[in-house]
Amino acid sequence: MDPALLRESELFKKKLSSSLEKRHAPIDSGSHKKKKPRTEKEGSSASKHNAESSNGSINIKTSSGYKFGCLAKIVNYMKTRHQNGDTHFLTIDEILDETKLLDISLKQKQWLINEALVSNPKIDVRDGTYGFKPKYNLKDKKALLRLLDKHDQLGMGGVLLDDVEEGLPNSAKAIKALGDQIIFVTRPDKKKILFYNDKHCQFVVDEEFQKLWRSVPVDSMDEEKIEEYLKKQGITSMQEMGPKKVLPVQKRKKKSGQRKNHFKTHNSHLAGVLEDYSDGVPVKN
């Protein structure tokens, strides 16, 4: 056989064997891509996110909205218990227990004690205890009747039903028991006003006097003429007690034209003695 062909045959066998070895070689574990290690920044942000999600309730409870929500809940509770007849004062711990606010922080508790409850107009503070403070502190139906009578005698008008319900425990029962001793009047804004029903003012007017009263014509008379007539008869008319309207002050108009400047003259007693040198010193002849 030709030696050249033998060499080519040997080279072919070597190439074939080398290619087979590579194909069946074990896979190197290091050839796989390694996972990138977590950077410090990514780790800190993830931990921060987890902390925020786990402590979300704490962040809500430390907000100002939560604080004032607790205050509103306490005031409404104190008002409700006062209306139900529970007028005895409570300590801050008793209030937090009954309103189920025992989970508030120490800082919020100090805020309630030192600022919120002390400055609230609806909370009365006595020796570290707290109670509800209504506009009218009424104990029973007799106290309500005295209040309405006082308003009637002093010309102060009636009392709002809302204020009575706020300050009088079991107010509906007390109002019902008073019956016709009080009068209800509904305002245009639908709020109800209570008035004292003074039965001493309920009397029968003689029919002849009613006819005389209605026979006097006053259509042609204005308020000034009526007031003048009453003064002549020695009768004082009712004065308006409402706030008076203040008329706007009218600004003075500036006079048109140029103002003449007036200069003060000096040394008038030397008139005729002094000479005028405004045109220069006169030349002596």
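Keep in mind that this is a model prediction, so the values were computed, not measured. Heavy atoms only: backbone and side chains are in, while hydrogens, waters and symmetry mates are out.
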Quick one: which residue pairs count as a ring pair (Phe, Tyr, Trp, His ring centres under 6.0 Å) with a foot in residues 141-160, not counting sequence neighbours?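 Checked against ring pair (Phe, Tyr, Trp, His ring centres under 6.0 Å) - neighbours excluded - no pair reaches residues 141-160.
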
Hey, could you give me each pair passing ring pair (Phe, Tyr, Trp, His ring centres under 6.0 Å) that has a residue in residues 89-117? Not counting sequence neighbours.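 Every ring pair (Phe, Tyr, Trp, His ring centres under 6.0 Å) pair that includes a residue of residues 89-117, provided the two are not neighbours, is Phe68-Trp111.
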
In Å, rounded to the nearest 0.5 Å, how long is the span from CG of Leu106 to CD of Gln110?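 If I round to the nearest 0.5 Å, the distance is 5.5 Å.
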
Tracing side-chain links under 4.5 Å among I, L, V, M, F, W and Y, which residues wind up in one group with Val118?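 Result for Val118 is none, singleton.
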
Which side-chain N or O atoms in residues 178-192 pair as donor and acceptor under 3.5 Å with protein atoms at least two apart or in another chain?
{"residue": "Asp180", "atom": "OD1", "partner": "Lys199", "partner atom": "NZ", "Å": "3.4"}
{"residue": "Asp180", "atom": "OD2", "partner": "Lys199", "partner atom": "NZ", "Å": "3.3"}
{"residue": "Gln181", "atom": "NE2", "partner": "Leu178", "partner atom": "O", "Å": "3.4"}
{"residue": "Arg187", "atom": "NE", "partner": "Asp189", "partner atom": "OD1", "Å": "3.1"}
{"residue": "Arg187", "atom": "NH2", "partner": "Asp189", "partner atom": "OD2", "Å": "2.7"}
{"residue": "Asp189", "atom": "OD1", "partner": "Lys191", "partner atom": "N", "Å": "3.3"}
{"residue": "Lys191", "atom": "NZ", "partner": "Asp162", "partner atom": "OD2", "Å": "3.1"}

Does Phe132 have any ring pair (Phe, Tyr, Trp, His ring centres under 6.0 Å) partners at least two apart in sequence or in another chain, and if so, which?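 Partners of Phe132 by the ring pair (Phe, Tyr, Trp, His ring centres under 6.0 Å) criterion, ordered by chain and then number, come out as His82.
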
Which pairs, with at least one residue in residues 129-145 and sequence neighbours excluded, count as a side chain to side chain donor-acceptor pair (under 3.5 Å)?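 Listed by first then second residue: nothing to list.
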
Which residue pairs satisfy the salt bridge (charged side-chain N to carboxylate O under 4.0 Å, His left out) criterion with at least one member in residues 119-128, sequence neighbours excluded?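 For residues 119-128, and leaving out neighbouring residues, the salt bridge (charged side-chain N to carboxylate O under 4.0 Å, His left out) pairs sorted by first residue read Lys122-Glu166, Asp124-Arg126.
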
Within residues 144-161 or reaching into it, pairs that qualify as salt bridge (charged side-chain N to carboxylate O under 4.0 Å, His left out) - sequence neighbours excluded: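 Counting only pairs at least two positions apart or across chains, no salt bridge (charged side-chain N to carboxylate O under 4.0 Å, His left out) contact touches residues 144-161.
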
Report the residues that fulfil side-chain contact (heavy atoms from CB on, under 4.5 Å) with [X], sequence neighbours left out, ordered by chain and then residue number.
X: Asp222; value: Glu224, Lys225
X: Gln233; value: Tyr229, Ile235
X: Asp93; value: Thr91, Lys109
X: Leu102; value: Leu96, Asp97

